[in-house]
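Structure first, commentary second.
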Amino acid sequence: MLSCSDCRLGSTPALRPTQIVVQMNTRHTLLLVMATAETILEAPLTSIANIGQHEGQAVTVRGWLYNLRSSGKLLFPTFRDGTGTIQGIVPKAAVSPEVFETLKALQLESSVVVTGRVRADQRAPSGFELDVDDVHVQQAVSADDPFPITLKEHGPDFLMERRHLWMRTPRQSAILRVRATIMRAAQEFFDTQDFTRTDPPILTPAACEGTSELFEMKYFDEGNAYLTQSGQLYIEATALALGKVYSFGPTFRAEKSKTRRHLTEFWMIEPEVAYADLDDLMRLAEDFLAHIVTRVLEKHRIDLKTITGGDDKVAKLANIQAPFPRVSYDEAHAMLEKAFAEGAIEKPHEYGDDFGAPDETYISNQFDRPVMVHRYPAAVKAFYMQPDPEDATKALCVDVLAPEGYGEIIGGSQRVDSYDLLKERILSHGLPLESFEWYLDLRKYGSVPHSGFGMGIERCVAWICGLEHVRETIPFARTLNRIYP
RNA sequence: UCCGCAGUAGCUCAAUGGCAGAGCAUUCGGCUGUUAACCGAAGGGUUGUAGGUUCGAGUCCUACCUGCGGAGCCA
């Protein structure tokens, strides 16, 4: 009886060779499998990530040719399958002439099913190599039109134009795996604390905050609709229905921002908690980020090394534990004044203004973990933020700045809970009152203090992976000048 | 929207205003332990577009296009 954690053969009892044939789909494959069915049964399917569990055994790997080196009558094909890479060893004397010649002529990224024996080897980066017995070419890439992305350096334009192929490279695959873990850990954090996921609409009738530019479209006879830039206003409603809620989905900004921190389409996870104040929110934010980092470190040490090329990032992430430093706007301003006096930043920070990107970078560089900057001047913040009872010119809000200059990854606040104040704010911000009638209702029928934040997934991934640009954090990035592929 | 940088072989980049080059990729040949392997050879060019200056422009000037980085705004 076969057994293997990720082998479909092993998971189905008493699978006979003729049944394997049914899973294959070309005449060529069918004949080959019939001839080698016994071999394949003895060489269970494995993922490359788990190949070490099969040391000394014959296995089958389904994947692609990642690289090919040769030394006379010895070939070194490297295979990848989406979980990792492994180098095959093919001495001419050890395989049939057909297998040797097939592999020797194969172009990179041709799809292949390989059988071979797993052998531990100190020379291999992963510790294992595959002594190849047989290879079946699923589809051969043409030498007339070789795979465009080589192991050498490429420019961002070239790579983004071929994003559908670029993501096959080990580094890009690793980033996407870490992204998936971050998204799963983020949901897991809220799910295990009795939050209810309530996703807001993506098509909205008006601006949530009224400031940023929105993507606009016709909506039948109802006039214009807009792609959401935040689900916050809606989840305030669901929070008052369900207590603790979160939303998780794509959001859209039509801003003409061209920086390493901006996409026009990005994913945001937003919790909203009834009866929570700003201090509750900051505790939630630090526990949330610490949980995400813990999960990434549990699963992705090898991926982080692939992505960053070293162990530095793992060491830095190990520091990311609650509590995070808390710095008031006034304290942050004082830090910046001192920094300017010492020549550490180029421009002085004007008291009362929001922080610019260089200011945020300086502040975050003073700490070894994310820093929570709270109580900004109300004048530079959104209309729905609750004023600080101790200083009405300040808002009960918090920005969480990631280390190493990755900027704001979380923005949150306690929300205005007074009907009269909220109505006054809507009017003074020049927003159309009729669009916010439903939102004001939340302050009319059982209003409570409540707080929430939003975290941009892409900035979080960029920070945790140590990336130059958020365009690498999402399978298909949407930026100002690019909507292909 | 504003500021700055760039555009030369499939890719990454060279080329004082004076013969269009290299590495990688591709093809052919060599090598039994290579790790972005290495060694030899071949093929591969409307120098982003349109004008202009000049005996002569990849190089200088003007406009435009495309991309990149940043500011503002934001996550």
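Bear in mind that the values here come from a model prediction, so they are computed numbers and not experimental data. These numbers come from the heavy atoms of this one structure, side chains and all, not from hydrogens, waters or symmetry mates.
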Decide, yes or no, whether a salt bridge links [X] with [Y] under the criterion of side-chain N to carboxylate O below 4.0 Å.
{"X": "R197(A)", "Y": "D199(A)", "result": "yes"}
{"X": "D303(A)", "Y": "R177(A)", "result": "yes"}
{"X": "E109(A)", "Y": "R168(A)", "result": "yes"}

What integer number of Å spans the [atom1] atoms of [N] and [M]?
{"N": "rC2(B)", "M": "rG72(B)", "atom1": "C1'", "value": "9 Å"}
{"N": "rU16(B)", "M": "rU1(B)", "atom1": "C1'", "value": "39 Å"}
{"N": "rA57(B)", "M": "rA50(B)", "atom1": "P", "value": "15 Å"}
{"N": "rG45(B)", "M": "rG10(B)", "atom1": "C1'", "value": "12 Å"}
{"N": "rU8(B)", "M": "rA22(B)", "atom1": "C1'", "value": "13 Å"}
{"N": "rU59(B)", "M": "rA15(B)", "atom1": "C1'", "value": "9 Å"}
{"N": "rC55(B)", "M": "rA42(B)", "atom1": "C1'", "value": "37 Å"}
{"N": "rA9(B)", "M": "rC5(B)", "atom1": "P", "value": "23 Å"}

Distance check: side-chain N/O of [X] vs OP1/OP2 of [N], anything under 4.0 Å?
{"X": "H469(A)", "N": "rG69(B)", "answer": "yes"}
{"X": "R261(A)", "N": "rA71(B)", "answer": "yes"}
{"X": "K256(A)", "N": "rU1(B)", "answer": "yes"}
{"X": "Q229(A)", "N": "rC74(B)", "answer": "no"}

Are any side-chain N or O atoms of [X] and backbone N or O atoms of [Y], one a donor and one an acceptor, separated by less than 3.5 Å?
{"X": "R179(A)", "Y": "T473(A)", "result": "yes"}
{"X": "R163(A)", "Y": "P475(A)", "result": "yes"}
{"X": "T83(A)", "Y": "A49(A)", "result": "yes"}
{"X": "T264(A)", "Y": "R253(A)", "result": "no"}
{"X": "S110(A)", "Y": "L65(A)", "result": "no"}

[X] [atom1] to [N] [atom2]: how many Å, rounded?
{"X": "M268(A)", "N": "rC74(B)", "atom1": "CE", "atom2": "C1'", "value": "10 Å"}
{"X": "H262(A)", "N": "rG69(B)", "atom1": "NE2", "atom2": "P", "value": "13 Å"}
{"X": "K73(A)", "N": "rC38(B)", "atom1": "NZ", "atom2": "P", "value": "20 Å"}
{"X": "E360(A)", "N": "rA71(B)", "atom1": "CD", "atom2": "C1'", "value": "13 Å"}
{"X": "R69(A)", "N": "rA25(B)", "atom1": "CZ", "atom2": "P", "value": "12 Å"}
{"X": "K104(A)", "N": "rU34(B)", "atom1": "NZ", "atom2": "P", "value": "18 Å"}
{"X": "N481(A)", "N": "rG69(B)", "atom1": "CG", "atom2": "C1'", "value": "12 Å"}
{"X": "F266(A)", "N": "rC74(B)", "atom1": "CZ", "atom2": "C1'", "value": "8 Å"}

Contact class for M455(A) vs. all strands (heavy atom < 4.0 Å): base, sugar-phosphate, or nothing? nothing
How is K92(A) classified with respect to the nucleic acid when contacts are heavy atoms under 4.0 Å: base, sugar-phosphate, or nothing? nothing
Hey, does [Y] have a side-chain heavy atom less than 4.5 Å from the side chain of [X]?
{"X": "K394(A)", "Y": "H374(A)", "answer": "no"}
{"X": "L227(A)", "Y": "L203(A)", "answer": "yes"}
{"X": "F476(A)", "Y": "M167(A)", "answer": "yes"}
{"X": "R425(A)", "Y": "F436(A)", "answer": "no"}
{"X": "R459(A)", "Y": "V470(A)", "answer": "yes"}

Regarding rC73(B), can its base be found pairing with the side chain of S257(A) as donor and acceptor, where the two atoms are less than 3.5 Å apart? yes
When you measure only distances, ignoring hydrogens and angles, does the side chain of R471(A) come within 3.5 Å of the base of rC68(B) through a donor and an acceptor? no
Nearest-nucleotide pick for [X], side chain only, options being [options]:
{"X": "A93(A)", "options": "rC68(B), rA71(B), rU32(B)", "answer": "rU32(B)"}
{"X": "S71(A)", "options": "rC74(B), rA25(B), rC31(B)", "answer": "rC31(B)"}
{"X": "D121(A)", "options": "rG33(B), rC73(B), rU12(B)", "answer": "rG33(B)"}
{"X": "A357(A)", "options": "rU32(B), rG69(B), rG72(B)", "answer": "rG72(B)"}
{"X": "P358(A)", "options": "rA71(B), rU32(B), rC11(B)", "answer": "rA71(B)"}
{"X": "R482(A)", "options": "rU27(B), rC68(B), rG72(B)", "answer": "rC68(B)"}
{"X": "R260(A)", "options": "rA36(B), rG70(B), rC73(B)", "answer": "rG70(B)"}
{"X": "F158(A)", "options": "rU12(B), rA75(B), rG69(B)", "answer": "rU12(B)"}
{"X": "R253(A)", "options": "rG72(B), rC11(B), rA75(B)", "answer": "rA75(B)"}
{"X": "E129(A)", "options": "rU34(B), rC73(B), rG70(B)", "answer": "rU34(B)"}

May I ask you to list the residues of [range], by number, that have any heavy atom positioned under 4.0 Å from an atom of RNA chain B?
{"range": "residues 403-410 of chain A", "answer": "E408(A), I409(A), I410(A)"}
{"range": "residues 160-171 of chain A", "answer": "none"}
{"range": "residues 74-91 of chain A", "answer": "L74(A), F76(A), Q87(A), I89(A)"}

Of V380(A) and P156(A), the one whose closest RNA chain B nucleotide lies more 5':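 Looking at the nearest nucleotide for each, P156(A) comes out on the 5' side.
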Of A124(A) and A105(A), the one whose closest RNA chain B nucleotide lies more 5': A105(A)
If you compare all heavy atoms of E458(A) against all heavy atoms of W267(A), which two are closest, and at what distance to 0.1 Å?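 E458(A) and W267(A) have their closest heavy atoms at OE1-N, 3.0 Å.
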If every non-hydrogen atom of R471(A) is compared with every non-hydrogen atom of P156(A), which pair is closest and at what distance? NH2-CB, 3.6 Å
If pairing requires Watson-Crick or G-U wobble contacts with both distances under 3.5 Å, which nucleotide is the partner of [N]?
{"N": "rG23(B)", "answer": "rC11(B)"}
{"N": "rG4(B)", "answer": "rC68(B)"}
{"N": "rG18(B)", "answer": "rC55(B)"}

Go through the steps for Y329(A) and F355(A) under the test ring-ring contact (aromatic ring centres under 6.0 Å, His included), then give the verdict. CA-CA 9 Å; Y329(A) 174 88; F355(A) 300 122; 5.0 Å; yes
